[in-house]
Colleague: 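Shown below is the structure under consideration.
Small disclaimer: the values here were computed from a predicted structure and weren't measured. In listed order, ligands and their atoms are each counted from 1.
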Amino acid sequence: MDNVLITGGAGFVGSALAIGVKSNHPRTRVIALDNLKRRGSELNLPRLRDAGVDFVHGDIRNPGDLEGLGGVDLMLECSAEPSVLAGYGDSPGYVIDTNLGGTIHCLEFARKRGTAMIFLSTSRVYPMKALNQLNFVEDATRFSLAPEQTVAGVSENGISEDFPLAGPRSLYGATKLASELILEEYREAYGLRGLVNRCGVIAGPRQMGKVDQGVVALWAARHVYGGSLSYIGYGGAGKQVRDLLHIDDLLDLILYQMDRLEELDGETFNVGGGADISASLCELTDLCREISGNTIEIGSEAEDRPGDIRLYITDNARVTGRTGWRPKKDLRTIVQDTVSWLESNEAQLKPILGP
Ligand SMILES: NC(=O)c1ccc[n+]([C@@H]2O[C@H](COP(=O)([O-])OP(=O)(O)OC[C@H]3O[C@@H](n4cnc5c(N)ncnc54)[C@H](O)[C@@H]3O)[C@@H](O)[C@H]2O)c1
């Protein structure tokens, strides 16, 4: 592959993929395009440069910013407003224009050049109400999926691609699902090659965690730099659960997919840490306390936050069946790697991730 373009290439996921692709394919020109909207993304620019990645300051909302880029064999579409709260109580303009309008511009770019696309989608395409109505068990520290469920696409192993799609899912989730649908039409109408990864929570070093996005980095940063946190919703006891995928595991999957684009064309995969690599908020607190050596104040608000879900666990059966990939880095490694990054880069990161 001669040229790979990574949109959102200065972000948490995009920069890790850009640097990972470049180091695994040194002869490939890797271009990272980003508008640097996310605070902290600018810190990745020296890393990109040192790795030999070409950075372009551009915005996918402006087709002209993409046009000048020349031929590209593969686009990894990682640019987004990734907050599930985006648009709530505010204008939905940015989230729609970037996550849907911008992705359509990326697809147009790809159509004109015969570029393949790997689209970073989200588990948030699955509707909130349906997820919140699943049978669950409440243990001392977490909610878990109950063995008996009446809905398709769910088992104790988690949520599969067969989970029903009817119902609201947040503006973030809706713009991602709409983009998936348009991508499918581009495949059908124009022969575009593409595949979709619906990722659960991704975590690890260099995530610029904030209250509405990047929970592990937020939790770890508060423990390392101080400040307070709150368990919000579902009784306020911090029992809501997510599976967590180490960014290095995602990179491994993307590298595999890049090498097998023809074989995997048209696939949609749920991708995440799975049931074995998951944590509730209060379990995450315990691990952050242990690894950072610090204890901080954690408040409690019983009322649910809009757009929130009680639990989400990825069922990786399809992606593992098709690719053999499975996540390797466990929960402790995810938290340890994040805490080590925060401790080693305090001067740079505290102004962004501190209280
Ligand atoms: N982090 C997660 O837990 C997670 C989970 C599921 C899916 N995803 C998806 O992965 C992708 C990457 O997310 P991330 O965690 O790296 O988020 P991020 O915010 O760290 O990175 C996104 C990058 O896109 C850039 N960007 C935003 N709007 C842009 C625009 N209009 N034009 C160009 N660049 C723009 C931002 O500046 C940022 O650097 C997103 O598509 C997101 O939806 C992330």
Side-chain angles (χ1 to χ4, degrees), residues 5-20 31-45 47-48 55-66 69 75-86 93-106 109 117-126 169-180 183 196-210 212-218 242-247 249-251 253-254 269-273 312 314 334 338 352-353:
L5 170 63
I6 294 142
T7 51
F12 165 53
V13 171
S15 64
L17 298 186
I19 291 167
I31 307 156
L33 179 137
D34 201 295
N35 71 351
L36 302 180
K37 167 130 193 315
R38 179 75 177 255
R39 190 152 176 243
S41 289
E42 68 282 1
L43 299 181
N44 287 318
L45 299 185
R47 295 176 54 237
L48 292 169
F55 175 70
V56 174
H57 190 199
D59 193 313
I60 61 164
R61 293 172 301 165
N62 302 329
D65 288 1
L66 294 160
L69 295 176
M75 178 188 290
L76 306 178
E77 220 290 73
C78 305
S79 58
E81 166 46 74
S83 167
V84 84
L85 291 181
Y94 193 81
V95 61
I96 292 176
D97 291 347
T98 289
N99 294 8
L100 178 55
T103 303
I104 293 172
H105 296 152
C106 292
F109 173 91
M117 180 185 284
I118 297 180
F119 180 61
L120 269 284
S121 190
T122 169
S123 57
R124 285 315 201 103
V125 300
Y126 299 113
R169 66 203 81 243
S170 76
L171 285 157
Y172 168 62
T175 52
K176 287 289 188 173
L177 181 60
S179 294
E180 288 187 17
L183 187 153
V196 173
N197 294 308
R198 290 177 175 164
C199 301
V201 172
I202 308 164
R206 301 188 183 82
Q207 185 168 40
M208 301 299 163
K210 50 196 180 91
D212 57 343
Q213 207 267 337
V215 63
V216 175
L218 171 76
R242 301 289 186 269
D243 65 339
L244 306 172
L245 179 66
H246 195 296
I247 183 66
D249 280 325
L250 178 64
L251 171 64
L253 176 65
I254 299 288
F269 295 128
N270 285 0
V271 171
Y312 187 88
T314 305
I334 292 171
T338 308
I352 297 172
L353 297 173

Colleague: Can you tell me if E81 contacts ligand 1 (heavy atom of the residue under 4.0 Å from the ligand)?
Modeller: no

Colleague: Return the residue, atom name and 0.1 Å-rounded distance of the protein heavy atom closest to atom 3 (O) of ligand 1.
Modeller: I202 N, 2.9 Å

Colleague: Specify the protein heavy atom at minimum distance from atom 27 (C) of ligand 1: its residue, its atom name, and the distance to 0.1 Å.
Modeller: A80 O, 3.4 Å

Colleague: Hey, is S41 touching ligand 1 through its side chain, its backbone, both or neither, going by heavy atoms under 4.0 Å?
Modeller: side chain

Colleague: Who's closest to atom 9 (C) of ligand 1 heavy-atom-wise, of Y94, Y172, F119, F12?
Modeller: Y172

Colleague: On a heavy-atom basis, I'd like to know which of G272, C78, G14 is closest to atom 22 (C) of ligand 1.
Modeller: C78

Colleague: Going by the order shown, which atoms of ligand 1 are within less than 4.0 Å of some heavy atom of Q207?
Modeller: 1 (N)

Colleague: Starting from atom 19 (O) of ligand 1, locate the nearest protein heavy atom and write down its residue, its atom name and how far away it is, to 0.1 Å.
Modeller: R38 NH1, 2.8 Å

Colleague: Among all protein heavy atoms, pick the one closest to atom 13 (O) of ligand 1 and tell me residue, atom and distance.
Modeller: V13 CG2, 4.1 Å

Colleague: Where's the contact between A203 and ligand 1, heavy-atom distance under 4.0 Å: side chain, backbone, both or neither?
Modeller: neither

Colleague: Looking at atom 31 (N) of ligand 1, what's its closest protein heavy atom, distance included?
Modeller: D59 OD1, 2.8 Å

Colleague: Is ligand 1 under 4.0 Å from a heavy atom in the side chain of K176, in the backbone, in both, or in neither?
Modeller: side chain

Colleague: Given P82, A217, G8, which one has a non-hydrogen atom that is nearest to atom 24 (O) of ligand 1?
Modeller: G8

